[in-house]
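Contents: one structure, followed by commentary.
Residue numbers start from 1 in every chain, and the chains themselves are labelled A, B, ... in the order their sequence lines are given, proteins ahead of strands.
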Amino acid sequence: MMTMIFAFANQKGGVGKTTTAVTLADGLARLKRRTLLVDLDPQGHLALSFGLEKSPGLYRLVCLDEPLSEVVQNIRPNLDLVAGDKQTEKVKRQITLADFRETILSDLLANSGYDVVLLDMAPSLDVLHINGLIAADWVVIPTRLDALAVDGVKEILTTMAEISQNGHRYRGYSILPTFFDRTTRETLIQFEEITRIFGSNVWPPVPQDTRVRETAAFGQTLWEYSPDSSSVEGFLDGRQRLGGYRQVLGRMLEVIDG
Amino acid sequence: MAEAKKVRRSALDPAVADLLRGMQQKQTESQLPRREREKLSKERAKIQARRDQRATYDLPPSIRDGLRVLAEDLRLPASQLATLALARFLDDYQNGKIDLGQYKQPSRSPRYDWNLVFPEEIIFAARRKKTTGS
């Protein structure tokens with residue numbers, strides 16, 4: 001089975017990239033998919049999200065040439081992590097000086113043996129960000145529904161278009177509205193706008209939910225800390241549930257299984 | 001003849017479409033006069049309340065038709081007749097007036113241990129009585 005690589009990207013910070021990557025990675029692992037999470041952000045928040053210390057996993061992989069199998073940490077059943085910390089900044093410098101620098105991450109992740117790899121990208125547009133976008137088969141763009149964040153979506157898509165012009169083929173992309181508050185008029189205006197422009201590329205949104213913040217503080221995933229919360233189960237609409245990470249996980253599986 | 005204007009529609013994820021529709025509906029309602037808003041709100045509450053009263057069972061068509069015909073003759077809601085019939089059955093069963101043993105046969109289904117197999121006279125009784133009576 002081929003590895004499917006997802007990048008979680010938005011140049012705007014605070015849109016829920018890390019929470020989304022953590023929740024979906026743990027969700028996939030619980031469904032027995034062998035999953036690897038890679039932290040491309042020098043803030044190193046993936047490790048903290050699982051209750052671990054930050055560590056220079058990506059630095060060891062790229063700069064010290066250690067094999068992937070030695071730098072990964074097994075953090076849950078079927079779930080491994082390449083952690084990051086401030087040494088990730090050195091990775092950027094190393095990549096900038098290297099030949100064929102745009103495909104370094106893609107080459108390192110080739111034949112990784114995982115079913116799914118999730119790349120948690122930093123809110124920036126640097127050489128590591130480009131590496132992540134080139135390694136990815138599918139890009140998930142989490143966004144809040146405000147004008148500035150939606151502009152970040154357009155920026156990522158522009159970068160992806162430039163990468164595609166240089167020969168890289170994406171299988172697709174999805175826009176994931178996060179911190180979704182369906183009671184405000186501004187949310188509706190922005191939601192109408194992105195569905196009008198991006199159509200079926202918009203995935204069901206993740207409701208605004210204070211449980212998400214608590215989850216990070218306890219170093220647990222949402223499936224462990226609060227599996228019945230609205231951010232997981234979505235909005236109750238009559239008898240059906242709309243949005244939430246469980247439904248998003250379903251959409252992701254449709255992508256993986258074709 | 002002028003050609004109809006073609007509009008390109010992009011398909012939405014079904015959950016996204018449902019959510020968007022609901023939000024747009026609420027937005028439209030919020031701009032209505034107070035009296036109409038209250039009317040819509042009452043109607044919604046009524047529908048919500050009725051949701052708990054709904055049940056779906058598979059019935060032989062003859063029973064369903066018998067109930068419908070009787071409800072039309074008596075000019076009553078069929079749901080109320082079904083309620084009465086089921087309430088009487090439950091009461092009779094609890095008082096030992098009904099013995100299911102004579103209808104029980106082992107089931108091959110992994111979900112159930114037994115099936116009830118009814119003789120034809122029970123299934124078609126309602127229709128026949130109606131037919132002979134008229």
Using a heavy-atom distance cut-off of less than 4.5 Å, which residues of [range] contact chain B?
range                       : result
residues 18-31 of chain A   : none
residues 204-220 of chain A : Pro204(A), Pro205(A)
residues 185-192 of chain A : Arg185(A), Thr187(A), Leu188(A), Phe191(A), Glu192(A)

Atom pair [atom1] ([X]) and [atom2] ([Y]), whose distance is rounded to the nearest 0.5 Å:
X         : Y         : atom1 : atom2 : result
Thr183(A) : Gln27(B)  : OG1   : CD    : 11.0 Å
Arg21(B)  : Asp237(A) : CZ    : CG    : 9.5 Å
Asp13(B)  : Ser200(A) : CG    : OG    : 8.5 Å
Phe180(A) : Met23(B)  : CZ    : CE    : 4.0 Å

Tell me, side chain or backbone of Arg241(A) under 4.5 Å from chain B's heavy atoms, or both, or neither?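 Neither part.
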So with a 6.0 Å cut-off around CZ of Arg88(B), is the heavy-atom count from everything else above 12?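 Result for CZ/Arg88(B): open.
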Counting only heavy atoms from other residues, nucleotides and ligands, does the tally under 6.0 Å from OH of Tyr93(B) exceed 12?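 Not buried by this count: 12 neighbours or fewer within 6.0 Å.
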Taking all non-hydrogen atoms of both residues into account, name the closest pair between Thr195(A) and Leu20(B) and its distance.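 Reported closest heavy-atom pair: OG1-CD2, 3.6 Å.
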Listed partners of Gln43(A) passing side-chain contact (heavy atoms from CB on, under 4.5 Å), at least two apart: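 With sequence neighbours excluded, Gln43(A) shows a side-chain contact (heavy atoms from CB on, under 4.5 Å) to Asp41(A), His45(A), Pro123(A), given in chain and number order.
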